[in-house]
Colleague: 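The structure is given below, and queries will be raised subsequently.
All values reported here derive from a predicted model rather than from experimental measurement. Reminder, nothing fancy here: chain letters follow the sequence lines and each chain counts from 1.
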Number of protein chains: 2
Amino acid sequence: MTYCVGLKLNAGLVLLSDTRTNAGLDNIATYRKMFIFEEPGERVIAIMTAGSLSVTQTTLARLDEAIHDDMADEATSIMKAPTMLRVATIIGHTLSATRREIIGQMQDFSQQASASMIVAGQRKGGDMRMFLIYPEGNFIEATDDTPYLQIGEHKYGKPILDRVVSPATSLADAQKAVLLSMDSTLRSNLSVGMPLDLTIVEKDACTVTAQRRILEGDPDFMEMSAAWSAALRDSFVKVTI
Amino acid sequence: MTYCVGLKLNAGLVLLSDTRTNAGLDNIATYRKMFIFEEPGERVIAIMTAGSLSVTQTTLARLDEAIHDDMADEATSIMKAPTMLRVATIIGHTLSATRREIIGQMQDFSQQASASMIVAGQRKGGDMRMFLIYPEGNFIEATDDTPYLQIGEHKYGKPILDRVVSPATSLADAQKAVLLSMDSTLRSNLSVGMPLDLTIVEKDACTVTAQRRILEGDPDFMEMSAAWSAALRDSFVKVTI
């Protein structure tokens, strides 16, 4: 499995993904699940992926191929599409077509191959937008009422987001919120693992503001995790019933 | 869905269940999921249920019938079985047989009917034990390494248990822990709902020490929930990354 979470806030986009993939328990590997496409100042698109690695890798490769195709136009290249909605539509079509193709190849094994993606970004002159793209290619969008989207093992890390995230949350607090949401997930689910990829895109920058890979044993992350555990235990002692 | 959680601690057993059942979103009802069988001072058995209501109700009815059957012996009545292990075995067999029967009746609709149970208790002269019984009738047991068992929507409420519960946890703290675990689940999942049933069984009492139904709007529960939210938000502000 996987855990990816994206926040769309008034101040910008905050995205966090893990890197663990597994096929069974004895075939575990690290793969990037956060992909950035940008033309700084003009357009930035971040894609996070969950699900079958063969589906997500092929989908990403095809999106990339379309970008570098000389014949690419606004209907096929996410770097030329005129709006973020059209970007989401292109990704949805590519994901859905790839998935159907791979399921066709796997028929003999009656296995399923599925994948979903979070796509977030902004083009110059447009609004920041963030979408969750389903395996079938349809999608939903983050709004002020629900400023976050999750894919993969989303349940463990949802309570903290429900409690502290609103569109007015600052980018610093948002970074803390997604890292704590990930921390709860890492503790409770083996199929989600370090390192983590964190990306921050400030509003109207149309470029990645900060990008960071957090490695296993990262002192800042460990300190935050320990402080959060201690704070939770303190809170637990204080609360009465 | 459902959320039930049981803790087996040095000091006793602490069990909490919700009461929401649903068949689709427009068919929601309240059903008790916590059942007590006791002969005070001699034997106490608590059963919590999750899954298809037709399976759990029929299983409970059959267990009850077997107890009141004049022909019942230690192989069929959970009130006569000589050990908690044998109690779990009887319940496992009854659950599995009931489930297979109901699935047989539903074949035409190619629907699934499944259920799982947590069984906890003690008989005089024996140890306190707690089991999670799977739909197939097999079971696992809570140990000092893993002193809690959950059935139903277990993911939202797991992080808090992982952090604060150990076999040495007091009954008062344990009660707080299961209520906070439930609180996180109630907030994040519509299919789990008030009222709640809480049961506490002190070690070697061989009878229910305390039993309480917590209704929607219960002032103590609301106060605890609000205090926990406030404490979490405070902790969130204090933690830095």
Colleague: Report yes or no: do A:N189 and A:S191 form a side-chain donor-acceptor pair below 3.5 Å?
Modeller: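 Yes - a donor-acceptor pair under 3.5 Å links their side chains.
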Colleague: Is it true that the side chains of B:D183 and B:S225 contain a donor and an acceptor less than 3.5 Å apart?
Modeller: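 Checked: B:D183/B:S225 side chains pair up, N/O donor to acceptor below 3.5 Å.
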Colleague: For the candidates A:D162, A:L179, A:D173, which exhibits the highest count of non-hydrogen atom pairs separated by less than 4.5 Å from chain B?
Modeller: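 Highest number of pairs under 4.5 Å: A:D173.
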Colleague: Could you look at B:V164 and say if it's the side chain, the backbone, both or neither that has a heavy atom under 4.5 Å from chain A?
Modeller: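 Side chain only.
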Colleague: Any sub-3.5 Å donor-acceptor pair from A:S184's side-chain atoms to B:P159's backbone N or O?
Modeller: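 Not at all, since once roles are kept as given, no pair shorter than 3.5 Å links the two residues.
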Colleague: Measure distances from A:L232 to the heavy atoms of chain B and classify the residue's part below 4.5 Å as side chain, backbone, both or neither.
Modeller: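 For A:L232, heavy atoms of backbone and side chain both lie under 4.5 Å from chain B.
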Colleague: Strictly distance-based, threshold 3.5 Å: is any side-chain N or O of A:T169 a donor or acceptor partner for the main-chain N or O of A:S166?
Modeller: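 Between the backbone of A:S166 and the side chain of A:T169 there is a qualifying donor-acceptor contact (under 3.5 Å).
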Colleague: Give a yes-or-no answer on whether the side chains of B:T49 and B:Y31 include a donor-acceptor pair shorter than 3.5 Å.
Modeller: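 Judged by distance alone, the side chains do not pair up.
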Colleague: With chain A as the partner, which of B:G157, B:A172, B:A177 has the greatest number of non-hydrogen pairs under 4.5 Å?
Modeller: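 Result: the option with the highest number of such pairs is B:A177.
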Colleague: What part of A:A230 gets closer than 4.5 Å to chain B, counting heavy atoms only: side chain, backbone, both or neither?
Modeller: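 Neither part.
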Colleague: Check each atom of A:S229 against the heavy atoms of chain B and say whether the ones under 4.5 Å are side chain, backbone, both or neither.
Modeller: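 Both backbone and side chain.
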Colleague: Using modelled atom types and a 3.5 Å cut-off, is there a donor and acceptor pairing between side-chain atoms of B:E202 and backbone atoms of B:G12?
Modeller: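 No, because the side chain of B:E202 does not come within donor-acceptor range (under 3.5 Å) of the backbone of B:G12.
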Colleague: For chain B, which candidate among A:H154, A:E153, A:K176 shows the most heavy-atom pairs at distances under 4.5 Å?
Modeller: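 Most pairs with chain B among the choices: A:K176.
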